[in-house]
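Index from 1, following the sequence. Just so you know, ligand 1 is whichever comes first in the structure, and atom 1 is the first atom listed for that ligand.
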Amino acid sequence: MPENSRDSEILDVLVLGCGFGGLHGLYRLREDGHRVIALEAAPEVGGTWYWNRYPGARCDVESLAYCYTFSPVIDAEWRWSERYAARNEIVSYLKWVADRLDLRKDIRFNSRLTKAHFDTNAALWHFETEGGETYRARHFLAAAGPLSAPIMPDIPGLDNFRGEVIHTARWPETYPDFAGKRVGIIGTGSSGTQVIPIVAQQCEKLTVFMRTPNFYSPAHNRPLTAADHAWWEENREKTRDRLQKGQRWGGGDLMLDDEINDAMYKKASEFSAEQRRQIYEARHANGGGVVGWAFADAMIDKEVNEEAGNFLREKVRAVVDDPAAKDKLTPRGFAYGTKRVTVGTAFPETFNRPNVELIDVKSDPIQSFTERGAMVGGREIPLDFLIAASGFDALTGALTAIDVRGDAGQSLKEIWADGPQTYLGISVRGFPNMYMIGGPGSPSVFTNVVMTNEMQVEWISDLIGYCEAHGHARCEADADAQAGWTEKVNGLVKGNLWESAESWYVGANVPGKPRVILAYVGGYAAYKAECDAICDAGYPGFRFS
Ligand code: NA7
């Protein structure tokens, strides 16, 4: 790495990324008295929300829960306008947080990190950005985002296509004019489910290329009323406590009746068929992606899982008119929950529109792209735009896209070639003083990401404080602890329905990516308890020197 660091000052911590995790990390570490700089590839804060500008982009966790809890000032001054916040509102929130907490002065925007190399002799991280800026820091907090490295579909001839190709996570700042145009969309995951109904209303003809129909439930989004805010004021602490202590997913069912909520801690067999139906109906009417997580054994007992799946299949079939489209949109061949459940507004109903065609690319694959459009079954489908809602290289992709090298120059990408190995999803052996927020092996995307990020930021800041207080120049995962944690993360999906997952949860969406569960499925509460116990015991599993 360059020895001509332009920033001659040695930072205490360099934070990578200014999404939810990075902004909080910058704030907390600075409050702790450290000299911190945050690097952000975008010209603005927001992380993955900055880039996902596509129409309809909206969080599928309720806004009241998908926000910071660490600051009473933020709690007191911010008011969400809708039950599920749109992308623009989330970015406005993070911009406001950056201003309110005076974070911008320590953020370097338009700074895409390309290299992070650990200098073993000096126990220092050296960083280099795409623009050639260099930095040095003792600690490296990587908040690169679990869903921030977009992937394009690998379809022959796509480069020849003369129309405009747009990935949902790289949506242009100037909104494309779809009026009178023929648009194709690849992908019916969370992003596709949100973008399809909107673009269908704006274009002349929409062709949706769907590979796998997902389980879907309506969001039932609505404006938050004065009464909602009053309820939140009164119930905020209690609700947060409930989300943290018990609930696995954290935030899709804030206002559900306690009775319905509590059923998720019991086995389905403790309820009659009629009661179960009522519970599913209540969850469906409430909206959001947690309809099928109604009982404790939803991911353990195949029959329970199947019942939840059938309920959602029935709901989708009920709103689609065309029998062929009904069949195509019916999820099959995988267990409920092993692929991310999609949440939207009028997604299946969109296929009742006369200007929307649904192509199941499993039975009718896109053979290739021509200059004019997509070839399917020998037919050319002319397109002016192709929207790729094709997802992300999840959990590992953002970090492995950077040349991260630890002790003795070993490459993170290479050592993770057979799957990520971490301790607590936070630390990696051989990469001293590097800590991940929302990293592989942590609960991350299997929880309310903001809630888990916050917990990790606090925990890592304490660990860095501990190193400083004890004069430790190096802190890294011990080999046995890392092996044990990795085994635990992998073990949690053995013998239950998680084991059958074939989705980005296990890297199945990226050709060549090893099939391992990428996040910890044990839930926030168990994870936090484990991290807290490790902190209380003086950080066993870490090696300090
Ligand atoms: P997802 O959930 O990974 O969805 C990607 C979609 O694109 C999914 O329907 C894929 O089908 C489809 N896809 C990907 N490549 C192809 C090709 N080559 N041909 C046809 N279809 C393809 O990404 P999202 O952006 O929707 O959501 C990611 C997460 O962000 C989401 O879960 C939220 O947590 C936020 P597949 O299902 O793989 O058959």
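- Using a 4.0 Å cut-off between heavy atoms, Ser503 makes no contact with ligand 1 at all.
- When only interatomic distances are considered, the shortest N/O to N/O separation between Ser190 and ligand 1 falls below 3.5 Å.
- Close to ligand 1: Trp504, with a non-hydrogen atom less than 4.0 angstrom away.
- By the 6.0 Å and 45° rule, Arg340 does not stack over the aromatic ring of Trp504.
- The closest non-hydrogen atom to atom 18 (N) of ligand 1, taken over Ala57, Pro153, Ser390, comes from Pro153.
- A ring-centre distance under 6.0 Å is not found for Phe20 and Trp49.
- Close contacts between ligand 1 and Ser191 involve ligand atoms 24 (P), 25 (O), 26 (O), 27 (O) [criterion: under 4.0 Å to a heavy atom].
- Counting heavy atoms only, Ala389 comes closest to atom 6 (C) of ligand 1 of the residues Ala389, Pro150, Gly192.
- Of all protein heavy atoms, the one closest to atom 13 (N) of ligand 1 is Arg211 NH2, 3.7 Å.
- Each of the following atoms of ligand 1 lies closer than 4.0 Å to a heavy atom of Arg340: 32 (O), 33 (C), 34 (O).
- Geometrically, ligand 1 and Thr188 share a nitrogen or oxygen pair separated by less than 3.5 Å.
- The aromatic ring centres of Tyr524 and Phe446 sit 6.0 Å or more apart.
- Side-chain contact of Thr370 with Glu380: a donor-acceptor pair under 3.5 Å is present, judged by distance alone.
- For atom 23 (O) of ligand 1, the closest heavy atom belonging to the protein is Gly391 CA, 3.2 Å.
- Cation-pi geometry between Arg53 and Tyr50 is met: the NZ or CZ atom falls under 6.0 Å from the ring centre, inside 45° of the normal.
- Among all non-hydrogen protein atoms, the one lying nearest atom 20 (C) of ligand 1 is Ile186 CG2, 3.6 Å.
- Scanning the protein heavy atoms around atom 4 (O) of ligand 1, the nearest turns out to be Gly189 CA, 3.6 Å.
- In this structure, Tyr336 has its ring center at least 6.0 angstrom away from the ring center of Phe311.
- Residue Leu147 has at least one heavy-atom neighbour below 4.0 Å for each of these atoms of ligand 1: 29 (C), 30 (O), 34 (O), 35 (C).
- In the displayed structure, Arg162 atom CZ is contacted under 6.0 Å by at most 12 heavy atoms of other residues, nucleotides or ligands.
- Applying the 6.0 Å contact sphere to NZ of Lys326 captures more than 12 heavy atoms from other residues, nucleotides or ligands.
- By the criterion of a heavy-atom distance under 4.0 Å, both the backbone and the side chain of Thr212 are placed next to ligand 1.
- Donor-acceptor pairing under 3.5 Å is lacking for the side chains of Arg83 and Ser63.
- Crowding of Asp241 atom CG: a count of heavy atoms from other residues, nucleotides or ligands under 6.0 Å exceeding 12.
- In summary, the atoms of ligand 1 found under 4.0 Å from a heavy atom of Gly187, numbered by their order in the structure, are 6 (C), 7 (O), 9 (O), 12 (C).
- Geometrically, ligand 1 and Asn509 share no nitrogen or oxygen pair separated by less than 3.5 Å.
- Atom NZ of Lys528 has 12 or fewer heavy atoms from other residues, nucleotides or ligands within 6.0 Å.
- With ligand atoms numbered from 1 in the order given, ligand 1 contributes 36 (P), 37 (O), 38 (O) to contacts under 4.0 Å with heavy atoms of Lys339.
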